[in-house]
S.K.: 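Please find one structure pasted underneath; my questions will follow.
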Amino acid sequence: MDIVGISQKEQDAIFRVVAAILHLGNVDFAKGEESDSSILKDEESKFRLQMTADLLMCDPHALEDTLCKRVMITPEEIIKRSLDPNGAAVSRDGLAKTIYSRLFDWLVEKINLSIGQDPSSKCLIGILDIYGFESFKTNSFEQFCINFTNEKLQQHSNQHVFKMEQEEYTKEEIDWSYIEFVDNQDILDLIEKKPGGIIALLDEACMFPKSNHETFSQKLYQTFKDHRRFIKPKLTRSDFTIVHYAGEVRYQSDQFLDKNKDYVVAEHQNLLSSSSCPFVAGLFPSLSDEGAKSSKFSSIGSRFKLQLQQLMDTLNSTEPHYIRCVKPNNFLKPAIFENINVLQQLRSGGVLETVRIKCAGYPIHRTFDDFLNRFGRLAPEVFEGNYEEEVACKKILEKMGLTDYQIGKTKVFLRAGQMAELDAQRASILGISAKVIQKHIRTHITRKMFVKKRKASIHIQSFWRGELARKFYKLMKREIATVIIQRDLRRHLTRKAYIRIKLSTVVLQTGLRSMVARIEFRCRVRTKAAIVIQANWRCHRAFSDYKKLKKASIILQFRWKVRIAKRELSKQKMEAIKAASPVIREPSHSNIDAEKIETLTMEVKNLKALLRAEKQRADECERKYVEAQITSEERRKKLEETERLVHQLQDSFNREACYLCLDLRACYLLKCEIERNFPRDERGMQKILEALK
């Protein structure tokens, strides 16, 4: 549904409506307190009704009233009467069918809109797929409608084929006689004619409340007792048989009236149009009062006949092409053909009748140009003279001895079998011509093969002579190559031994030089590290001495300055006491003493601030000393790690030098063994090669 453009909200609403229809079908009714009333049968039915109302989003009590009661509008008043259980069940089924029908129509319209159908288009390409006539053990109203449709389509097919033939003959202006074909118009009149057709009588029976299938069947028996297409079976009161185009079909009219009824109850319409679900309310748009009063009875048969007539109008306005499908067997298996079944399908589908109509006239039509192109070889002389196409076609037909054909304005019309005779003559002439062509082609192919074989033999001889010369040259070249290989191999082995000894010597020298360099580097590293340690230690010791001296000098200066300040203060106090007499002779001296005291107080404060600054410097120097000590410790650890790695590298080098000395000794012993066991000549070289392999 997503593909055809139905939204998720609409899909949920569709599922709600389908679920409501299923729940509604499970609602049962029982007899009420009054004789003609009905109520819900049990708790299960009440639950189903409640679920239906919830899904349709309507009032459950109103839904129950619409199912169990019916409103009758009279000119004087509105009467509400109760329905018996059977009437309530019919009302329930009618409501379910109506909801399902509205939902189906909505889906069809939605799909047509989503596939982009253009209603204003003047061109139309349509496919009408229908199986064919149906005749089962039990045939009801559905088979009646399907067979009615097939009768209509069969009549259209017969008329179309005959009309095409007639138009073709008239257009070409040939002599032809009227072709008889089976016309099924009497069957169509029996079914759809007004006012006495079967559909009209069925609608009339549905409009009367007390009518049933037996009264409907009796009405059919009385109306069509003399009709040649209508048969009343024996020992039955409701069945009837119609002689269709494809054969006799017996119908059971038990469900005809129920299946033909198609009217919407006003109470159902009003209930669902007031639903709080927008989708359900959209399926049942509210009708105006005038529309509700003017609503008339409609039936499935009438609507089906109207839709079928619209389909026939569409077919008549287009150019139809028929494709007849034949079911080979009833087992649905390949390579199995039931002759009787296939023949019955061909007969009921009108294929045999169409073939008969075609064969009754001139089934083969060929234009002059096509006819001459295909059968001109039967009379080559017609191409030598300057004949018209029509005259040339006549000469070919006269030469072949054919009669009862027709020459139109642009086409040649042949009877059945004449085309086969012409094709046989054409095939004979083409066969003779093919033999002549084959003779010359075979001669050409044989000569071509002979020339090809002669050239091939010459090429083969030349090739083998060259092959022998190449082999002799290759043998000579191989001998020379052997001598060169021996020389190069001896040189290669000697050079390889020399290069190996040289490489071993270079490696040994490199190892020894590396060992000496590493020892020297280790001594330098140790010396440098010792110098760094000594420098750091001397720096630390000098800095520590300087710090102690500086701290002691600062303390000494501070104490000395404090002592001087105290002496000065005591002197000033003594002078102030001496100056303090009963008679103050010089008041200006007291002011001078106050100023001196204030000056001394300021100096004391400055000395205290200087002392604090000196303490901060001492603390900073102490912190830097600690950091220097930590750094010196880390460097010492790195020096120890470096010495450890140097020792490891020295050990590794000593081991490699030992292995190298062993390899050199082995190579020297191998060389001595080769010189002692293999002489320096050609046989010695061969022995060396075998030993190496």
S.K.: Would one find more than 12 heavy atoms of other residues, nucleotides or ligands at under 6.0 Å from atom CZ of Arg324?
M.R.: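 Check passes, neighbour count above 12.
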S.K.: Hey, does Tyr251 have a side-chain heavy atom less than 4.5 Å from the side chain of Thr241?
M.R.: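 They are not in contact (no side-chain heavy atoms under 4.5 Å apart), so the answer is no.
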S.K.: Show your working on side-chain contact (heavy atoms from CB on, under 4.5 Å) between Gln418 and Ile364 and close with a plain yes or no.
M.R.: CA-CA 9 Å; Gln418 292 181 343; Ile364 300 169; 5.9 Å; no
S.K.: If you measure from the Lys or Arg side-chain nitrogens to the Asp or Glu carboxylate oxygens, is any gap between Lys152 and Glu192 under 4.0 Å?
M.R.: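 Salt bridge flag = yes for Glu192 with Lys152.
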S.K.: I'd like to know if the side chain of Ser275 reaches the main chain of Leu272, judged simply by a donor and an acceptor atom lying under 3.5 Å from each other, with no hydrogens or angles considered.
M.R.: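 No: the side chain of Ser275 does not pair with the backbone of Leu272.
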S.K.: Output the distance between atom OG1 (Thr149) and atom CD1 (Ile191), rounded to the nearest 0.5 Å.
M.R.: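 The CD1 atom of Ile191 is 9.0 Å from OG1 of Thr149, to the nearest 0.5 Å.
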S.K.: Which heavy atom of Pro285 sits nearest a heavy atom of Ser273, and at what distance?
M.R.: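 The pair with the smallest heavy-atom distance is C-CB, 4.4 Å.
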S.K.: From Ser211 OG over to Gln218 CD, what is the distance, rounded to the nearest 0.5 angstrom?
M.R.: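 With rounding to 0.5 Å, OG (Ser211) is 12.5 Å from CD (Gln218).
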S.K.: Can you label the angle between the Phe133 ring and the Tyr245 ring as parallel, tilted or perpendicular, going by 30° and 60°?
M.R.: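 The arrangement is parallel - the two ring planes meet at less than 30°.
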S.K.: Could you state the interatomic distance from OG1 (Thr66) to CG (Leu95), rounded to the nearest 0.5 Å?
M.R.: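 Thr66 atom OG1 to Leu95 atom CG measures 6.5 Å (nearest 0.5 Å).
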S.K.: Give a yes or no on whether Ile340 atom CD1 has more than 12 heavy-atom contacts from other residues, nucleotides or ligands under 6.0 Å away.
M.R.: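 No, CD1 of Ile340 has 12 or fewer neighbouring heavy atoms, counting only those of other groups under 6.0 Å.
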S.K.: With side chains defined as the heavy atoms from C-beta onward, is the minimum distance between Leu414 and Leu422 less than 4.5 Å?
M.R.: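 Result yes, sub-4.5 Å side-chain heavy-atom pair found.
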S.K.: Salt bridge or not for Lys411 and Asp370, using N-O below 4.0 Å?
M.R.: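 Salt bridge flag = no for Asp370 with Lys411.
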S.K.: Would you name the heavy atoms of Pro320 and Leu315 that are closest together and state the gap between them?
M.R.: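 Scanning both residues, the minimum pair turns out to be CD-O, 4.3 Å.
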S.K.: Check the pair Asn260 / Ile199 against side-chain contact (heavy atoms from CB on, under 4.5 Å), numbers first and verdict last.
M.R.: CA-CA 9 Å; Asn260 188 51; Ile199 295 178; 5.9 Å; no
S.K.: Please verify the inter-ring angle class for Trp106 with Phe279; under 30° counts as parallel, over 60° as perpendicular, anything in between as tilted.
M.R.: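 Correct class here is perpendicular.
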S.K.: So for atom NZ, which belongs to Lys219, do other residues, nucleotides or ligands contribute more than 12 heavy atoms lying within a distance under 6.0 Å?
M.R.: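 For Lys219, atom NZ is not crowded (no more than 12 foreign heavy atoms under 6.0 Å).
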S.K.: Given the rule in the side chain to side chain donor-acceptor pair (under 3.5 Å) test, do Gln50 and Asp54 qualify, once you have shown the distances and angles that lead to the verdict?
M.R.: CA-CA 6 Å; Gln50 181 67 36; Asp54 293 341; 3.1 Å; yes
S.K.: Looking at every heavy atom in both Leu188 and Glu151, which two are closest together, and how far apart are they?
M.R.: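 Shortest heavy-atom contact: CD2-CB, 3.6 Å.
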S.K.: Regarding Glu142 and Lys259, does a basic nitrogen lie under 4.0 Å from an acidic carboxylate oxygen?
M.R.: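 Yes.
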S.K.: Is any side-chain heavy atom of Asn373 closer than 4.5 Å to a side-chain heavy atom of Asp369?
M.R.: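 Side-chain contact under 4.5 Å: yes.
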S.K.: Counting heavy atoms not belonging to Tyr322, are there more than 12 under 6.0 Å from its OH?
M.R.: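 Correct, the count exceeds 12.
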S.K.: List the steps and the verdict of side-chain contact (heavy atoms from CB on, under 4.5 Å) for Arg16 and Met57.
M.R.: CA-CA 10 Å; Arg16 290 175 66 91; Met57 294 186 182; 3.3 Å; yes
S.K.: Using a 3.5 Å distance criterion without hydrogens, assess whether the side chain of Ser317 forms a donor-acceptor pair with backbone atoms of Thr314.
M.R.: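 Yes: the side chain of Ser317 pairs with the backbone of Thr314.
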S.K.: Using side-chain heavy atoms (C-beta onward) and a distance below 4.5 Å, is Asn150 in contact with His244?
M.R.: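 Heavy-atom side-chain distance check fails, nothing below 4.5 Å.
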S.K.: Where do Ser135 and Gln143 land on the side chain to side chain donor-acceptor pair (under 3.5 Å) test, with the steps shown first?
M.R.: CA-CA 7 Å; Ser135 179; Gln143 285 70 38; over 6 Å; no
S.K.: Check for a donor-acceptor pair, side chain of Ser91 on one end and backbone N or O of Ala88 on the other, with a separation under 3.5 Å.
M.R.: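 Between the backbone of Ala88 and the side chain of Ser91 there is no qualifying donor-acceptor contact (under 3.5 Å).
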S.K.: Closest heavy-atom contact between Leu56 and Ile99?
M.R.: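 Looks like CD1-CD1, 4.1 Å.
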S.K.: Can you tell me how the ring of Phe371 sits relative to the ring of Phe375, calling it parallel under 30°, perpendicular over 60° and tilted otherwise?
M.R.: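 Plane angle between 30° and 60°, so tilted.
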S.K.: Output yes when a side-chain donor or acceptor of Arg415 lies under 3.5 Å from a complementary backbone atom of Tyr405, and no otherwise.
M.R.: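 No; judged by distance alone, with no hydrogens or angles, the pair does not exist.
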S.K.: Which word best sums up how the rings of Phe148 and Phe304 line up, parallel for under 30°, tilted for 30 to 60°, or perpendicular for over 60°?
M.R.: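 Geometry flag for Phe304 against Phe148: tilted rings.
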S.K.: Any non-hydrogen side-chain atom of Arg92 less than 4.5 Å from a side-chain atom of Phe29?
M.R.: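 SC-SC contact between Arg92 and Phe29 confirmed.
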S.K.: Return yes if some donor-acceptor pair links the side-chain N/O of His227 with the main-chain N/O of Arg229 below 3.5 Å, else return no.
M.R.: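 Checked: pair present.
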S.K.: Are the side chains of Leu402 and Glu421 in touch, meaning some heavy atoms are under 4.5 Å apart?
M.R.: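 Yes; the side chains approach each other to less than 4.5 Å.
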S.K.: For Thr52 and Leu24, which heavy atoms make the closest approach, and how far apart are they?
M.R.: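 That closest heavy-atom pairing would be OG1-N, 3.4 Å.
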S.K.: Ring centroids only, cut at 6.0 angstrom: are Phe413 and His365 within range, meaning strictly under it?
M.R.: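 So the answer is yes for these two rings.
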S.K.: Any donor and acceptor pair, going by atom type alone, linking the side chain of Ser45 with main-chain N or O of Val27 inside 3.5 Å?
M.R.: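 Not at all, since once roles are kept as given, no pair shorter than 3.5 Å links the two residues.
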S.K.: With side chain to side chain donor-acceptor pair (under 3.5 Å) as the test, would you mind laying out the steps for Asp189 and Gln185 before giving the verdict?
M.R.: CA-CA 6 Å; Asp189 292 340; Gln185 184 60 43; 3.0 Å; yes
S.K.: Between CD of Gln154 and NE2 of His156, what distance do you get to the nearest 0.5 Å?
M.R.: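 One gets 11.5 Å once the value is rounded to the nearest 0.5 Å.
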S.K.: Under a 3.5 Å distance rule, please check whether Gln11 uses its side chain to pair with a backbone N or O of Ile6 as donor and acceptor.
M.R.: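 The answer is yes, because a donor-acceptor pair under 3.5 Å joins these two groups.
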S.K.: Please step through side chain to side chain donor-acceptor pair (under 3.5 Å) for the pair Ser38 and Lys31, ending with a clear verdict.
M.R.: CA-CA 5 Å; Ser38 60; Lys31 231 175 183 184; over 6 Å; no
S.K.: Is Glu134 reaching over with its side chain to a backbone N or O of Ile146, donor-acceptor style, under 3.5 angstrom?
M.R.: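 Flag not set: sc Glu134 to bb Ile146 has no pair under 3.5 Å.
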S.K.: For the pair Ile111 and Val108, evaluate side-chain contact (heavy atoms from CB on, under 4.5 Å) and give the outcome as yes or no after the intermediate values.
M.R.: CA-CA 5 Å; Ile111 292 172; Val108 171; 6.0 Å; no
S.K.: Would Lys232 count as a cation-pi partner of Tyr221, with NZ or CZ less than 6.0 Å from the six-membered ring centre and within 45° of the ring normal?
M.R.: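 Yes, Lys232 sits over the ring of Tyr221.
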S.K.: Is the closest side-chain heavy-atom distance between Ile242 and Phe144 below 4.5 Å?
M.R.: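 Contact flag for Ile242/Phe144 side chains = yes.
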S.K.: Please confirm whether the backbone N or O of Leu220 pairs with a side-chain atom of Thr223, one donor and one acceptor, at under 3.5 Å?
M.R.: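 Flag not set: sc Thr223 to bb Leu220 has no pair under 3.5 Å.
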S.K.: Hey, does the side chain of Ser253 reach the backbone of Asp239 with a donor-acceptor pair shorter than 3.5 angstrom?
M.R.: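 No, the answer is negative, given that no donor and acceptor are paired below the 3.5 Å cut-off.
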S.K.: Look at Glu10 together with Lys110 and state whether they make a salt bridge at an N to O cut-off of under 4.0 Å.
M.R.: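 Salt bridge present between Glu10 and Lys110.
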S.K.: Is it true that Asn329 and Glu338 share a donor-acceptor pair across their side chains at a distance under 3.5 Å?
M.R.: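 No, Asn329 and Glu338 have no side-chain donor paired with an acceptor closer than 3.5 Å.
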S.K.: Please determine if Arg48 and Asp28 form a salt bridge, counting it only when a charged side-chain N lies under 4.0 Å from a carboxylate O.
M.R.: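 Salt bridge: no.
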S.K.: Please round to the nearest 0.5 Å and tell me the distance separating atom CG of Asn270 and atom SG of Cys58.
M.R.: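 The SG atom of Cys58 is 12.5 Å from CG of Asn270, to the nearest 0.5 Å.
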S.K.: Minimum heavy-atom separation for Ser299 to Ser302, with atom names?
M.R.: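 Of all heavy-atom pairs spanning Ser299 and Ser302, the closest is OG-OG, 2.9 Å.
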S.K.: Rounded to the nearest 0.5 Å, how far apart are CG of Leu201 and NZ of Lys193?
M.R.: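 Reported value, rounded in 0.5 Å steps: 12.0 Å.
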